[in-house]
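What follows is one structure encoded as C-alpha cells, with my remarks underneath.
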Amino acid sequence: RPGRPGHPFPDEEETVVEPVVVIGANVTKDLTLTLTGSYDYVSSASIERLSNFPEQSGASADNYVGGDLAVTWRATEDLTLGFHGGGSTEYDYTSFGFGGSASLDLFEKNTTLSIGVNTYIDQVDIIRWNGSQAEGTDDRLSVTVNLGYYQILSPTVHMNVGYAFTYQDGFLETAFNSVVLEDSSDPFNTNLDNMARGVEVTEELPDTRLRQALFGEVRKMFPSTGSAVSLWLRGYTDDWGIHSGTVELRFYQWLVDDVLRLRARYRFYLQTAADAYDDHFYVPPAQRAQFVLREERTQDSDLALQRPRG
C-alpha cells in the first residue's frame with residue numbers, strides 16, 4: 001500500500017481471495033452441527049522486494065486452509081450450550097482452536113446473558129524478511145473470555161453489550177516484519193522503496209499481551225419498510241500501549257425478505273501507537289549491537305497512530 005501511514009520504507013501491495021463453505025445440520029430438535037471450511041489465497045505483500053533474496057520463497061504467496069466443527073445443544077428451554085474445535089494451516093503457521101459457550105434467556109426471553117471461552121494454540125515457523133529460518137519455530141497461546149448481555153427494550157429497539165478479555169503468550173511479533181535503523185553514515189539501502197540510508201533488523205515485541213474491549217450496539221427496526229439503523233461503539237485497550245475508539249453507524253435493508261439484505265455502514269476509528277512503535281529509529285552503527293539486544297521495536301502500521309478516519 002504505497003504511502004500508507006506507519007511504515008515509511010516498503011512499497012507493498014496485497015490481494016486476498018477467500019471462499020467459505022458452511023454446512024449446518026439439525027441432528028435433533030435440540031442439537032445442531034455446523035461445519036465451516038475456508039480457503040484463502042494471499043498474494044505476497046512484497047513479492048518484488050523479496051525477489052532480492054533468493055532464499056525467500058514462502059512470502060511470494062500464501063495458501064491458508066482451515067476448518068471448524070461446532071455443536072450447539074439446547075439443554076433446556078432457556079439454556080443453550082455450544083462447543084467447537086478446529087484447525088488451520090498455511091506455509092509458516094499452524095493453529096488448533098477449541099472453545100465453549102453458554103447463553104441463558106431470562107424474563108420471557110427479553111434478556112439473554114452469555115459467556116464464551118476460546119483457546120488457540122499456534123506454532124509459527126520464524127521466517128524473517130530476508131528468508132532466514134535460523135530461529136526455527138516458536139509457539140503462541142491465546143485465550144479469550146467473552147461476556148454478553150442482550151436486551152429487548154421494545155418490540156422495535158434492541159440493545160447488545162459485550163466485553164472481551166484476551167491473554168496471549170509466546171511469539172507475538174510478525175516474523176517477516178523488519179525495522180530500519182537509520183544513520184547518515186549508512187549507504188543507500190536498495191531493498192527499501194525510498195532508498196533510505198539504513199539497515200534492516202528484526203522486529204521485537206513483548207512475549208505477553210493483555211487485551212480488553214468493551215462494545216455495545218442499539219438497533220432500531222422499521223417493520224413497515226424492512227429496514228433498521230444502529231449505533232455501534234467500541235473501546236479497546238492493551239498493555240502494549242494501544243488504546244482505540246470506534247463509532248459505527250449501520251443501515252440494514254431487506255431487498256428480498258429473508259433472502260437478500262443490504263448492509264451499509266460508516267466507521268470512525270482512532271488509535272494510539274504501541275509503546276514500541278516509531279516511524280524512524282536513528283541509531284548510529286556503534287550503538288546497534290546493544291540496541292538490537294535490549295530494545296523492543298516495530299514499524300508495523302497496524303501498531304502505529306491511526307488518526308480519525310471513516
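A quick note: this is a predicted structure, and the numbers were derived from the prediction, not measured. The basis for the numbers below is simple: all heavy atoms, side chains too, and nothing from hydrogens, waters or symmetry mates.
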query = Angle class for the H280/Y282 ring planes (parallel below 30°, perpendicular above 60°, tilted otherwise)?
reply = parallel
Side-chain touch Y120/F96, heavy atoms, less than 4.5 angstrom = no
message = As a quick check of understanding, evaluate salt bridge (Lys or Arg N to Asp or Glu O under 4.0 Å) for D169 and R209, giving each step before the final call.
response = CA-CA 7 Å; D169 180 75; R209 190 177 189 182; over 6 Å; no
query = Can you tell me if Y277 and R297 form a side-chain donor-acceptor pair at under 3.5 Å?
reply = no
Any V247 side-chain heavy atom under 4.5 Å of L231 side chain = yes
note = Distance col, row L255:CG vs Q253:CD, nearest 0.5 angstrom, shows 6.5 Å
Atom pair CG (D92) and OG1 (T137), whose distance is rounded to the nearest 0.5 Å = 11.5 Å
ask   = Side chains of K220 and S230: do they bring a donor and an acceptor to under 3.5 Å?
value = no
task = List the steps, then state whether side-chain contact (heavy atoms from CB on, under 4.5 Å) holds for E204 with V292.
result = CA-CA 9 Å; E204 296 292 337; V292 169; over 6 Å; no
ask   = Has W73 got more than 12 heavy atoms of other residues, nucleotides or ligands less than 6.0 Å from its CH2?
value = no
inquiry  = I need the minimum non-hydrogen distance between A276 and F281, along with the two atoms involved.
reply    = O-CZ, 3.7 Å
query = Does some side-chain heavy atom of L249 sit less than 4.5 Å from a side-chain heavy atom of V229?
reply = no
ask   = side chain to side chain donor-acceptor pair (under 3.5 Å) between D183 and S185: does it pass, once the steps are laid out?
value = CA-CA 5 Å; D183 189 80; S185 65; 2.5 Å; yes
message = If hydrophobic clusters are built from ILVMFWY residues whose side chains come within less than 4.5 Å, do Y149 and F107 share one?
response = yes
request  = Could you pull out the closest heavy-atom pair between E203 and N177, with the gap in Å?
outcome  = OE2-ND2, 3.3 Å
message = Restricting to non-hydrogen atoms, name the atom on L303 and the atom on W240 that form the minimum distance, rounded to 0.1 Å.
response = CD1-CZ3, 4.3 Å
message = Starting from V161, can I reach L104 by hopping between I/L/V/M/F/W/Y residues whose side chains sit under 4.5 Å apart?
response = yes
ask   = Going through the checks in order, is the side-chain contact (heavy atoms from CB on, under 4.5 Å) test met by R140 and V124?
value = CA-CA 8 Å; R140 175 184 303 156; V124 182; 4.0 Å; yes
inquiry  = Using the rule given for salt bridge (Lys or Arg N to Asp or Glu O under 4.0 Å), can you reason through E248 versus R250, listing the C-alpha separation, both sets of side-chain angles and the distance that settles it, and then say yes or no?
reply    = CA-CA 6 Å; E248 277 194 18; R250 300 175 176 177; 2.8 Å; yes
request  = Would you please test T144 and T166 for side chain to side chain donor-acceptor pair (under 3.5 Å) and show each step?
outcome  = CA-CA 4 Å; T144 299; T166 298; 2.8 Å; yes
query = For T208 and L172, which heavy atoms make the closest approach, and how far apart are they?
reply = C-CD1, 3.7 Å
request  = Dump the intermediate steps for side-chain contact (heavy atoms from CB on, under 4.5 Å) on V22 and V20, then the final yes or no.
outcome  = CA-CA 7 Å; V22 180; V20 179; 4.1 Å; yes
task = Please find out if less than 6.0 Å separates the ring center of Y41 from that of Y39.
result = no
task = Indicate yes or no: at least one non-hydrogen side-chain atom of Y150 is less than 4.5 angstrom from one of S114.
result = no
ask   = Can you name the closest pair of heavy atoms from N146 and A164 and give their distance?
value = OD1-CB, 3.3 Å
Pairs involving residues 111-122, ordered by first then second residue, that meet salt bridge (Lys or Arg N to Asp or Glu O under 4.0 Å) (sequence neighbours left out) = none
query = Side chains of V218 and V157: does their closest heavy-atom pair fall under 4.5 Å?
reply = yes
ask   = Atom CG of D78 and atom CG of L106: how far apart are they, to the nearest 0.5 Å?
value = 7.0 Å
ask   = Less than 4.5 Å apart, any side-chain heavy atom of L192 and any of V180?
value = yes
query = Could you state the interatomic distance from CD (Q287) to CD (E295), rounded to the nearest 0.5 Å?
reply = 10.5 Å
query = Would you say the side-chain atoms of D105 and T112 include a donor-acceptor pair closer than 3.5 Å?
reply = yes
ask   = Does one side chain, of T272 or H243, offer a donor that lies under 3.5 Å from an acceptor on the other?
value = no
Under 3.5 Å donor-acceptor pairs involving side-chain atoms of residues 81-89, not counting sequence neighbours:
{"residue": "H84", "atom": "ND1", "partner": "D68", "partner atom": "OD1", "Å": "3.1"}
{"residue": "H84", "atom": "NE2", "partner": "N118", "partner atom": "OD1", "Å": "2.8"}

message = Please tell me whether Q168 and S142 have a donor and an acceptor in their side chains that are separated by less than 3.5 angstrom.
response = yes
Steps toward ring-ring contact (aromatic ring centres under 6.0 Å, His included) verdict (Y93, Y91) = CA-CA 6 Å; Y93 192 90; Y91 174 76; over 10 Å; no
Side-chain heavy atoms of N189 within contact of M195, under 4.5 Å = no
Intermediate values then yes/no, side chain to side chain donor-acceptor pair (under 3.5 Å), Y167 and R211 = CA-CA 7 Å; Y167 168 79; R211 312 169 73 171; over 6 Å; no
ask   = What's the spacing between D138 CG and D125 CG if we round to 0.5 Å?
value = 10.5 Å
message = Are L79 and S103 packed together at the side-chain level, in the sense that at least one heavy-atom pair is separated by less than 4.5 angstrom?
response = no
inquiry  = Going by ring pair (Phe, Tyr, Trp, His ring centres under 6.0 Å), name the residues that satisfy it together with Y236, two or more places apart in sequence or in a different chain.
reply    = none
request  = State plainly whether one hydrophobic cluster holds both Y163 and L233, where clusters connect Ile, Leu, Val, Met, Phe, Trp and Tyr through side-chain heavy atoms under 4.5 angstrom apart.
outcome  = no
query = Is L262 reachable from V256 through a run of hydrophobic residues whose side-chain heavy atoms are each under 4.5 Å from the next?
reply = yes
inquiry  = Working note: R128 + E173, criterion salt bridge (Lys or Arg N to Asp or Glu O under 4.0 Å); need CA distance, chi angles, decisive distance, verdict.
reply    = CA-CA 11 Å; R128 295 299 184 177; E173 62 203 55; 3.1 Å; yes
query = Is T174 reaching over with its side chain to a backbone N or O of F176, donor-acceptor style, under 3.5 angstrom?
reply = no
inquiry  = Please tell me whether F222 and W254 are part of a single hydrophobic cluster in this structure, the criterion being side-chain heavy atoms less than 4.5 Å apart.
reply    = no
task = May I ask you to decide if A304's main-chain N or O and Q271's side chain share a donor-acceptor pair within less than 3.5 Å?
result = yes
ask   = Going by an N to O cut-off under 4.0 Å, is there a salt bridge joining D186 and R197?
value = no
inquiry  = side-chain contact (heavy atoms from CB on, under 4.5 Å) for R288 and V199? Distances and angles first, verdict last.
reply    = CA-CA 10 Å; R288 286 175 182 168; V199 298; 3.5 Å; yes
query = Of all heavy-atom pairs between R261 and Y252, which one has the smallest distance, and what is that distance?
reply = CZ-CD2, 3.8 Å
remark   = In this structure, CD of E217 is separated from CZ of R234 (nearest 0.5 Å) by 14.0 Å
key: E200 side chain to N191 backbone, donor-acceptor under 3.5 Å   = no
ask   = Under 6.0 Å from the CD atom of E18, do we count more than 12 heavy atoms belonging to anything else shown?
value = yes
key: Donor-acceptor under 3.5 Å (Q299 side chain, D279 main chain)   = yes
